[in-house]
2 protein chains.
Amino acid sequence: MNHRSVNKVPSSKILKVALALFSSRGYSETKMAEIAQNVGLSVGALYLRFKNKEELFWELIKDQSKDFIDRTKNLPEDDPLKALRTYIALNIEYAFQKRQLISIFFREYNLTFLKPLRKKFFKTQHEIIKDILTAGIKRGTFRPMDVEDTASIIFASIRGAILLKLIFGIGDVKAMSNSLFNLITNGIRKDAL
Amino acid sequence: MNHRSVNKVPSSKILKVALALFSSRGYSETKMAEIAQNVGLSVGALYLRFKNKEELFWELIKDQSKDFIDRTKNLPEDDPLKALRTYIALNIEYAFQKRQLISIFFREYNLTFLKPLRKKFFKTQHEIIKDILTAGIKRGTFRPMDVEDTASIIFASIRGAILLKLIFGIGDVKAMSNSLFNLITNGIRKDAL
DNA sequence: TTATTAACTGAACGATGGTTCATATGAACG
DNA sequence: CGTTCATATGAACCATCGTTCAGTTAATAA
């Protein structure tokens with residue numbers, strides 16, 4: 001340790017504060033000076049930690065995303081219905097728990113450097129859903145269907161529900177999760193053909 | 001008609017050009033100078049037509065929204081299934097047709113003056129879906145359910161599907177409409193309960 | 001204590017972009 | 001024609017940040 005090597009404020013706190021600001025005001029509405037003030041540092045100090053605003057933002061996205069690491073990894077192979085229920089519940093709960101991050105993803109539609117992340121996310125999730133569907137059809141639990149399209153629609157429905165929750169604050173997490181699962185599995189028909 | 005009362009370029013053209021720019025680049029990325037150039041006017045002239053950027057934007061939103069006037073007004077009262085199918089199809093087709101406007105609504109999450117419009121839209125649509133569901137349950141076409149929650153989820157699913165289409169360009173409009181209707185009515189289960 | 005240097009400060013710089021305004025243009029009217 | 005005035009022009013103005021940097025602070029080593 002060499003000469004004053006202790007930071008006045010840890011970088012993790014900067015990221016935390018910045019996350020709160022970015023997710024509530026939006027990227028371009030959040031000023032560097034504002035972050036500095038809320039953190040208790042000068043603007044200059046921020047630039048000693050991060051090259052610029054974009055890198056600070058990026059760092060924060062990486063930091064928040066890192067523990068998404070496939071919780072959806074160990075879904076029951078042998079029980080497609082349970083797998084689906086778990087998948088939906090995990091997704092919605094995660095989104096709610098990480099709502100600041102997720103808000104940013106919905107909100108900052110026009111930040112081009114988020115696009116690839118979104119795309120990648122879609123691909124991964126789409127694949128997982130397809131696997132569940134395929135397994136379910138093979139097992140006779142699910143009816144035959146266009147797996148590709150249906151997986152897209154299911155993905156979309158889950159994201160839509162999350163969006164609704166985040167934007168309008170509508171819906172309780174648990175109830176929403178159940179309703180969605182119910183809708184997707186049984187539909188609203190009284191007697192499904 | 002008094003002294004040179006003909007505009008070099010009609011305001012409708014300004015709105016049209018601005019719509020294209022706002023929906024592809026985003027509100028704050030679209031510069032007044034850029035709009036002026038694409039329209040074939042000077043910046044100053046824009047300010048003779050519209051008080052400022054925000055009003056120009058607002059005018060364009062109003063202009064685009066005005067003919068949404070309840071196409072969803074005359075859904076068949078006596079056939080809930082058909083009503084739902086029609087409602088979904090209308091919604092998705094409309095969104096695709098007016099995709100520039102809809103993109104803006106998804107994209108400009110942080111423009112506070114869009115919030116009330118979003119809220120109002122949700123309320124209207126939620127009401128319509130609830131009516132369809134209630135009618136269907138009464139008729140015995142649909143199973144008993146929490147109408148409030150289910151309507152929210154259905155709304156969310158439709159918006160999610162539209163978002164998917166607009167963001168990723170994924171899915172054909174007709175096919176998507178069918179898949180969604182199918183999912184919502186029948187679910188994916190082979191033998192519903 | 002003194003020297004060293006990492007960490008910090010905040011005024012100043014510069015780029016960007018919305019808005020204004022002095023000036024120009026030209027269609028209609030007398 | 002010449003006058004009028006709605007319409008148009010675009011350079012200049014100004015506010016808002018992101019970013020930089022010369023100077024300051026204070027922890028550690030000597």
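The model shown is predicted, which means the values in this text are computed figures rather than measured ones. Proteins get letters first, then strands, A, B, ... in listed order; numbering begins at 1 in each.
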Counting only side-chain N and O atoms of A:R49, is one of them less than 4.0 Å from OP1 or OP2 of C:dC8?
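Checking C:dC8 against A:R49, a side-chain N or O does come within under 4.0 Å of OP1 or OP2.
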Please state whether the phosphate of C:dG26, meaning OP1 or OP2, lies under 4.0 angstrom from any side-chain nitrogen or oxygen of B:K8.
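Result: no.
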Could you list the protein-to-nucleotides 18-25 of chain D atom pairs, N/O on both sides, closer than 3.5 Å?
{"residue": "D:dG18", "atom": "OP1", "partner": "A:K53", "partner atom": "NZ", "Å": "2.7"}
{"residue": "D:dG18", "atom": "OP2", "partner": "A:M32", "partner atom": "N", "Å": "2.8"}
{"residue": "D:dT19", "atom": "OP2", "partner": "A:Y47", "partner atom": "OH", "Å": "2.7"}
{"residue": "D:dT19", "atom": "OP2", "partner": "A:K53", "partner atom": "N", "Å": "2.9"}
{"residue": "D:dT19", "atom": "O5'", "partner": "A:Y47", "partner atom": "OH", "Å": "3.4"}
{"residue": "D:dT25", "atom": "O2", "partner": "A:R4", "partner atom": "NH1", "Å": "2.5"}

Search all heavy atoms of A:K8 against all heavy atoms of A:G40 and return the closest pair with its distance.
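Between these two residues, the closest heavy atoms are NZ-O, 3.5 Å.
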Check B:F181 against B:L81 and note the closest heavy-atom contact, atom names and distance.
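Of all heavy-atom pairs spanning B:F181 and B:L81, the closest is CE1-O, 3.5 Å.
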Rounded to whole Å, how long is the line connecting atom CD of A:Q37 with atom P of D:dC17?
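Rounded to the whole Å, the gap is 14 Å.
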Can you tell me how far P of C:dT5 sits from CG of A:L48, to the nearest Å?
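Atom-to-atom, A:L48 to C:dT5, this comes out as 17 Å.
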Using 4.0 Å as the upper bound for N to carboxylate O, is an ion pair formed by B:E59 and B:R49?
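Answer for the salt bridge query: no.
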Heavy-atom count check: over 12 atoms from other residues, nucleotides or ligands less than 6.0 Å from B:Q37 CD?
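Counting neighbours around CD of B:Q37, 12 or fewer heavy atoms of other residues, nucleotides or ligands fall under 6.0 Å, so no.
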How bent is the helix from C:dT1-D:dA30 to C:dG30-D:dC1, measuring the angle between the end axes built from five pairs each, rounded to 10°?
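Its terminal axes enclose an angle near 10°.
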Judged by atom type as modelled, is there a donor-acceptor pair below 3.5 Å linking the side chain of A:K53 to the main-chain atoms of A:F50?
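Side chain of A:K53 to backbone of A:F50, a donor-acceptor pair under 3.5 Å: no, none is there.
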Is the backbone N or O of A:E148 less than 3.5 Å from a side-chain atom of A:S152, with the two atoms forming a donor-acceptor pair by type?
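Pair found, side chain donor or acceptor close to backbone of A:E148.
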Taking atom types as modelled, find out whether A:Y87 and A:Q125 have a side-chain donor-acceptor pair closer than 3.5 angstrom.
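Per modelled atom types, A:Y87 and A:Q125 side chains form a pair under 3.5 Å.
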